[in-house]
Participant: 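The following block contains the structure, expressed as structure tokens.
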Amino acid sequence: MTTLLSVSHLKKYFPISAGFLGRRVGEVKAVDDVSFAIPEGKTFALVGESGSGKTTVGKTILRLIRPTGGDILFDGRNLSRLREGELKPWRRQMQIVFQDPTSSLNPRRRVADIVATPLEVHGIGTPRERLGRVRELLDLVELPEKYLYSYPHALSGGQKQRVAIARALALNPRFVVLDEPTSALDVSVQAKILALLARLQQELGLTYLLISHDLSVVKNFSDHIAVMYLGKLMEMAPTRELFANPLHPYTRALLSAIPVVTDEELALIPERIILEGEIPSPANAPTGCVFHTRCYARMEVCTQQAPPQLEVHPDHHAWCHLFTSEGSSKI
């Protein structure tokens, strides 16, 4: 299977300045040594609490923000080494759908103008040809043509997100970052948007990076899941494997928090795990394992040493001392 995107030891640190001269006094490690790969045509999900660094990973991959370190290989080309002027041809192949369509769509522009913007920026087609392409895209995302000249305020949340998806597809990208694409929508609308994204992936051969805090959303949509906490990966595995056999205490806590409706669903959820405290500040991350301050299975080694990446089962990785020699007795 061909790998379209490979991220290796990705880091993004934001400086903290203080004083009249803006002296650097620290840094926020928003993303710290993250590595994963996405096969072409598949969906890779990043999950975790707010503030875990998921969105920063997505924006850094697209080079909307410059990485501090690491490599971003897209179709064999290292995007992290390219200058800003060299990125434009690659941006046509990589797009993003933002979390809130209300804030990501220009309220002063009509739908036709919003969807045609990428075509204008890249100098594609005449105005007449662009309008024809916009009509094709609206049909593709199942939005009636009568909304062609509507402003965003006249659309529902689901319709706005369809416009955002149409804009992202205008340049025929191969890779799309979906940054919480359904979290701002009603539950009934969420299902329709996810079904639309799944159909588009199948028809167009798209590769997705899905960013979400909701494991129930990614369960039936993704092929592979990575769990993030405070800028670091905690666990990574194929979706079915992760749900059937969660290894990391943080993953187990997230799974136990999934809302359930039926007794059958309840039987699949482990015992409820309530994490203590709040997620620490990435400007002052704990030493050792960054999760140890809230972990119910922490050991002395967790406070002193960062856990290595361990392939506990085939293609199932965990960053946890429970699976090192120090913690093997607790498993």
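From a predicted model like this one, the values you see are computed outputs, not experimental measurements.
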Participant: If you round to the nearest 0.5 Å, how far is CG of Asp223 from CZ of Arg240?
Facilitator: 10.0 Å

Participant: Would you mind listing the cluster partners of Tyr151? Hydrophobic ones only (ILVMFWY), side-chain contacts under 4.5 Å, chaining allowed.
Facilitator: none

Participant: Enter the distance from His248:NE2 to Leu322:CG here, rounded to the nearest 0.5 Å.
Facilitator: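 Between atom NE2 of His248 and atom CG of Leu322 there are 8.0 Å.
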
Participant: Please list all pairs meeting ring-ring contact (aromatic ring centres under 6.0 Å, His included) that have one or both residues in residues 120-139, counting only residues at least two apart or in different chains.
Facilitator: none

Participant: Taking side chain as C-beta onward, heavy atoms only, is Glu27 less than 4.5 Å from Thr68?
Facilitator: no

Participant: With a 4.5 Å limit on heavy-atom distance, are the side chains of Glu311 and His316 in contact?
Facilitator: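 A side-chain contact under 4.5 Å is absent here.
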
Participant: For a 4.5 angstrom cut-off between non-hydrogen side-chain atoms, does Leu143 reach Gln159?
Facilitator: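 The answer is yes; the side chains approach within 4.5 Å.
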
Participant: Show your working on side chain to side chain donor-acceptor pair (under 3.5 Å) between Thr239 and Lys219 and close with a plain yes or no.
Facilitator: CA-CA 7 Å; Thr239 301; Lys219 181 178 181 181; over 6 Å; no

Participant: Do the side-chain N and O atoms of Asn78 and Ser80 include a donor-acceptor pair separated by under 3.5 angstrom?
Facilitator: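 There is such a pair (donor and acceptor under 3.5 Å, judged by atom type) between the side chains of Asn78 and Ser80.
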
Participant: Using a 4.5 Å cut-off on heavy atoms from C-beta on, say whether the side chain of Thr324 contacts that of Pro308.
Facilitator: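 SC-SC contact between Pro308 and Thr324 confirmed.
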
Participant: State, without any angle test, whether Tyr13 and Asp32 hold a side-chain donor-acceptor pair at a distance under 3.5 Å.
Facilitator: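 Yes, because at least one side-chain N or O of Tyr13 sits under 3.5 Å from a partner of the opposite role on Asp32.
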
Participant: If you group Ile, Leu, Val, Met, Phe, Trp and Tyr whenever their side-chain heavy atoms sit less than 4.5 Å apart, what else falls in with Val121?
Facilitator: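 Direct or chained contacts put Val121 with none.
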
Participant: For Thr55, give me all partners under side chain to side chain contact (heavy atoms under 4.5 Å, CB included), at least two apart in sequence or on another chain.
Facilitator: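 Thr55: side chain to side chain contact (heavy atoms under 4.5 Å, CB included) contacts with Lys59, Asp179, Ile211.
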
Participant: Mark yes or no for whether Thr251, through its side chain, and Leu247, through its backbone, hold a donor-acceptor pair below 3.5 Å.
Facilitator: no

Participant: Can you find a side-chain donor-acceptor pair between Asp71 and His9 that sits under 3.5 Å?
Facilitator: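 The criterion, which ignores hydrogens and geometry beyond distance, is not satisfied for His9 and Asp71.
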
Participant: When you compare the side chain of Leu148 with that of Arg135, does any pair of heavy atoms fall below 4.5 Å?
Facilitator: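 Side-chain contact under 4.5 Å: yes.
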
Participant: Quick check on side-chain hydrogen bond (donor to acceptor under 3.5 Å, both in side chains): which of Glu49, Arg294, Glu235 does Tyr250 satisfy it with?
Facilitator: Glu49

Participant: If only side-chain N and O atoms count, and only distance matters, is there a donor-acceptor pair under 3.5 Å linking Thr117 with Arg109?
Facilitator: yes

Participant: Show the atom names and distances, to 0.1 Å, of all donor-acceptor pairs under 3.5 Å that link a side chain in residues 38-46 to residues at least two apart or in another chain.
Facilitator:
| residue | atom | partner | partner atom | Å |
| --- | --- | --- | --- | --- |
| Glu40 | OE2 | Arg174 | NH2 | 3.1 |
| Thr43 | OG1 | Gln201 | OE1 | 3.3 |
| Thr43 | OG1 | Gln201 | NE2 | 2.9 |

Participant: Could you walk me through whether Asp214 and Ser212 pass the side chain to side chain donor-acceptor pair (under 3.5 Å) test, one step at a time?
Facilitator: CA-CA 5 Å; Asp214 190 343; Ser212 179; 5.7 Å; no

Participant: If you look at every heavy atom in Lys160 and Pro101, which pair is closest and at what distance?
Facilitator: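 Heavy atoms of Lys160 and Pro101 come nearest at CB-CB, 3.6 Å.
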
Participant: side-chain contact (heavy atoms from CB on, under 4.5 Å) for Thr207 and Val176? Distances and angles first, verdict last.
Facilitator: CA-CA 6 Å; Thr207 302; Val176 181; over 6 Å; no

Participant: I'd like to check the salt bridge (charged side-chain N to carboxylate O under 4.0 Å, His left out) partners of Asp100; sequence neighbours left out, ordered by chain and number.
Facilitator: none

Participant: Please round to the nearest 0.5 Å and tell me the distance separating atom CG of Leu215 and atom CZ of Phe243.
Facilitator: 4.5 Å

Participant: With a 4.5 Å limit on heavy-atom distance, are the side chains of Val7 and Val57 in contact?
Facilitator: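 When only atoms from C-beta onward are counted, Val57 and Val7 do not touch, as no gap falls below 4.5 Å.
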
Participant: With sequence neighbours excluded, tell me which residues meet salt bridge (charged side-chain N to carboxylate O under 4.0 Å, His left out) with Asp139.
Facilitator: none

Participant: Only pairs under 3.5 Å count here: list side-chain donor-acceptor contacts from residues 278-292, not counting sequence neighbours, and write none if there are none.
Facilitator:
| residue | atom | partner | partner atom | Å |
| --- | --- | --- | --- | --- |
| Ser281 | OG | Ala283 | N | 3.1 |
| Thr287 | OG1 | Thr303 | O | 3.0 |
| His292 | ND1 | Thr287 | O | 3.2 |
| His292 | ND1 | Cys289 | O | 2.8 |

Participant: Could you walk me through whether Gln93 and Phe74 pass the side-chain contact (heavy atoms from CB on, under 4.5 Å) check?
Facilitator: CA-CA 10 Å; Gln93 301 186 52; Phe74 182 80; 3.5 Å; yes

Participant: Around atom CD of Glu203, are there more than 12 heavy atoms of other residues, nucleotides or ligands at under 6.0 Å?
Facilitator: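 Enclosed.
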
Participant: In the hydrophobic clustering that connects Ile, Leu, Val, Met, Phe, Trp and Tyr at side-chain heavy-atom distances below 4.5 Å, which members other than Phe14 occupy its cluster, ordered by chain and number?
Facilitator: Ile16, Val25, Val28, Ile65

Participant: Do you reckon Tyr208 sits in the same ILVMFWY cluster as Val47, going by side-chain contacts under 4.5 Å, direct or chained?
Facilitator: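 Yes, because Tyr208 and Val47 connect within a single hydrophobic cluster, where side-chain heavy atoms sit under 4.5 Å apart.
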
Participant: Whether the side chain of Arg63 engages the backbone of Arg83 through a donor-acceptor N/O pair (distance < 3.5 Å, no angle test) should be reported.
Facilitator: no

Participant: Please list, chain by chain and in numerical order, all residues satisfying salt bridge (charged side-chain N to carboxylate O under 4.0 Å, His left out) with Arg91, sequence neighbours excluded.
Facilitator: Glu84

Participant: Has Arg128 got more than 12 heavy atoms of other residues, nucleotides or ligands less than 6.0 Å from its CZ?
Facilitator: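 Result for CZ/Arg128: open.
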
Participant: If you link ILVMFWY side chains whenever their heavy atoms are less than 4.5 Å apart, which other residues fall into the same cluster as Leu171? By chain and number, please.
Facilitator: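 Its cluster partners, ordered by chain and number, are Leu119, Ile124.
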
Participant: Is there a side-chain contact between Pro152 and Ile114 in this structure, where contact means two heavy atoms from C-beta onward sitting under 4.5 Å apart?
Facilitator: yes

Participant: With heavy-atom distances below 4.5 Å as the criterion, would you say the side chains of Lys12 and Pro67 are in contact?
Facilitator: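 In short, these two side chains do not touch, never coming nearer than 4.5 Å.
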
Participant: Scan the side chains in residues 183-196 for donor-acceptor partners under 3.5 Å anywhere in the protein, sequence neighbours excluded, and list what turns up.
Facilitator:
| residue | atom | partner | partner atom | Å |
| --- | --- | --- | --- | --- |
| Ser183 | OG | Gln99 | NE2 | 3.0 |
| Ser183 | OG | Glu180 | O | 3.3 |
| Gln190 | NE2 | Thr182 | O | 3.1 |
| Gln190 | NE2 | Leu185 | O | 3.1 |

Participant: Salt bridge check, Glu129 against Arg133: does any charged N sit closer than 4.0 Å to a carboxylate O?
Facilitator: no

